[in-house]
Amino acid sequence: MPRDAVPAAEERQRDADRSQSTILAAARDEFAEHGLGGARMERIAERAGVNKRLIYYYFEDKDRLFQAVLEQAYRHIRDEERQLNLLALKPADAVRRLVEFTWGYYLAHPEFLSLLNSENLQGARHLENSQRAREMNSPLIATLGEILERGRKEGSFRGGVDPLQLYVSIAGLAYFYLSNHYTLSAIFGRDLMTAKARNERLTHICDVILGYVLRN
């Protein structure tokens, strides 16, 4: 291959990567706002500033595009979790940090919750077909299991805690509150999204989770 062909090929690849990133960002916003059923490829193309044919060239159809958005969303939260360096912390501090991170991430990324709501309405059929998503999520459970075992050996954590069940509880205590805050606020006559209410919720989640894992 001629020398000048290599930079040209690399530049084409960078252009393709940029185009796909732009499309995925536009699709994420469209799916988060309208769900899979209400999302329109025309609007995604308009948001991305690209020709609709380019979206089909890279992603084939709306379902594959939605799967790619979900995979990217999970990749982002897992990458952020890895930055916490939980294994370097004391077990109780690591669990508290994961709770705080999960709550803060959900607050900062409501589109993530919307995407999960939409995929649940689809029976998780896109994630079931995504080996990549399963591979991305497995290391977190392994890390949490290592933290729990270290805490048990040190005598600070009780034994028999399933890391998957614990993570589902951490995520669920944050997810339900935030995804249902409109109805909960209306039913109970309290604005559950004030700064005070959010701080109280985070304290409650930490108390519940740590109260479960810590040895009495």
Side-chain angles (χ1 to χ4, degrees), residues 17-18 20-40 43-44 47-48 55 59 62-86 94-122 124-128 130 132-141 143-144 164 166-185 191-206 208-209:
D17 291 343
R18 283 193 292 266
Q20 291 180 59
S21 294
T22 300
I23 292 168
L24 285 171
R28 176 200 62 207
D29 294 343
E30 176 74 10
F31 288 131
E33 184 175 347
H34 299 286
L36 176 61
R40 295 292 177 265
R43 286 199 298 261
I44 294 172
R47 287 176 185 257
I55 301 178
F59 299 100
K62 188 165 73 167
D63 278 304
R64 286 182 172 83
L65 177 58
F66 185 60
Q67 180 175 318
V69 167
L70 287 170
E71 290 171 347
Q72 185 188 60
Y74 274 106
R75 184 183 305 111
H76 187 265
I77 188 172
R78 297 290 94 93
D79 286 347
E80 293 290 306
E81 285 167 345
R82 277 193 291 273
Q83 298 302 314
L84 301 177
N85 200 14
L86 296 175
V95 172
R96 180 181 294 276
R97 185 71 188 93
L98 180 59
V99 171
E100 292 171 344
F101 166 80
T102 303
W103 173 256
Y105 190 91
Y106 289 178
L107 273 174
H109 297 279
E111 75 282 357
F112 182 66
L113 304 186
S114 297
L115 292 171
L116 295 189
N117 288 338
S118 186
E119 177 64 350
N120 274 294
L121 290 174
Q122 298 296 318
R125 60 188 177 90
H126 303 87
L127 290 177
E128 284 182 347
S130 175
R132 186 178 304 170
R134 288 191 293 274
E135 290 172 352
M136 283 187 289
N137 283 284
S138 296
L140 171 66
I141 303 305
T143 296
L144 188 54
L164 175 58
L166 184 65
Y167 181 73
V168 170
S169 293
I170 292 171
L173 287 169
Y175 179 92
F176 182 85
Y177 184 99
L178 293 174
S179 64
N180 293 276
H181 70 86
Y182 290 115
T183 52
L184 292 171
S185 295
D191 184 354
L192 297 181
M193 291 300 287
T194 64
K196 181 175 181 293
R198 294 198 306 268
N199 288 334
E200 289 174 347
R201 181 60 182 176
L202 176 56
T203 298
H204 176 79
I205 297 173
C206 287
V208 168
I209 295 299

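Any value given below was found using the heavy atoms of this structure, including those in side chains, with hydrogens, waters and symmetry copies removed. Note that the structure is predicted; figures quoted are calculated from it, not measured.
Closest heavy-atom contact between F59 and A68: CE2-CB, 3.9 Å. A pairwise comparison of heavy atoms in H181 and L178 identifies CD2-O, 2.8 Å as the closest pair. Considering every non-hydrogen atom in both A133 and L127, the closest pair reads CB-CD2, 3.9 Å. The nearest pair of heavy atoms linking G35 to S118 is CA-OG, 3.7 Å.
Within the 4.5 Å cutoff, side-chain heavy atoms of R28 are placed close to those of L115. Annotation: side chain of T194 is not in contact with side chain of N199 (no heavy-atom distance under 4.5 Å). Taking 4.5 Å as the limit, every side-chain heavy atom of H34 sits out of range of all side-chain heavy atoms of R40. Between L65 and I23 the shortest side-chain heavy-atom distance falls below 4.5 Å. When side chains are defined from C-beta on, L173 counts as touching R201, because their heavy atoms get closer than 4.5 Å. No side-chain heavy atom of S130 sits less than 4.5 Å from a side-chain heavy atom of Y74. When side chains are defined from C-beta on, I44 does not count as touching K62, because their heavy atoms never get closer than 4.5 Å. Side-chain contact between M193 and Y182 is absent, with no heavy-atom pair separated by less than 4.5 Å.
Interatomic distance, L184 CG to D191 CG, rounded to the nearest 0.5 Å: 11.5 Å. The distance from atom CG of L116 to atom CG of L70, rounded to the nearest 0.5 Å, is 7.5 Å. Note: E128 CD to Q67 CD = 11.0 Å, rounded to the nearest 0.5 Å. Atom OG1 of T143 and atom CG of N85 lie 10.0 Å apart (nearest 0.5 Å). The structure places CG of L86 at 8.5 Å from CG of L144, a figure rounded to the nearest 0.5 Å. How far CZ of R198 is from OG1 of T203: 12.5 Å, rounded to the nearest 0.5 Å.
Partners of E71 according to the salt bridge (charged side-chain N to carboxylate O under 4.0 Å, His left out) rule, which considers only residues two or more places apart in sequence or in another chain, are R132.
In this structure, the side chain of S179 engages the main chain of Y175 through a donor-acceptor pair within 3.5 Å. Side-chain N or O atoms of E81 include none that pairs as donor or acceptor with a backbone N or O of L140 at under 3.5 Å. Judged by distance alone, the side chain of E111 and the main-chain N or O of D29 form no donor-acceptor pair under 3.5 Å.
With respect to the salt-bridge test (charged N to carboxylate O, under 4.0 angstrom), the residues R43 and E33 do not qualify.
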key: Residue pair H109, I77: steps toward the side chain to side chain contact (heavy atoms under 4.5 Å, CB included) verdict   = CA-CA 10 Å; H109 297 279; I77 188 172; over 6 Å; no
Name each donor-acceptor pair under 3.5 Å that joins a side chain in residues 94-107 to protein atoms two or more places apart or in another chain, with its distance.
from	atom 1	to	atom 2	distance (Å)
T102	OG1	L98	O	2.8
Y105	OH	H76	ND1	2.6

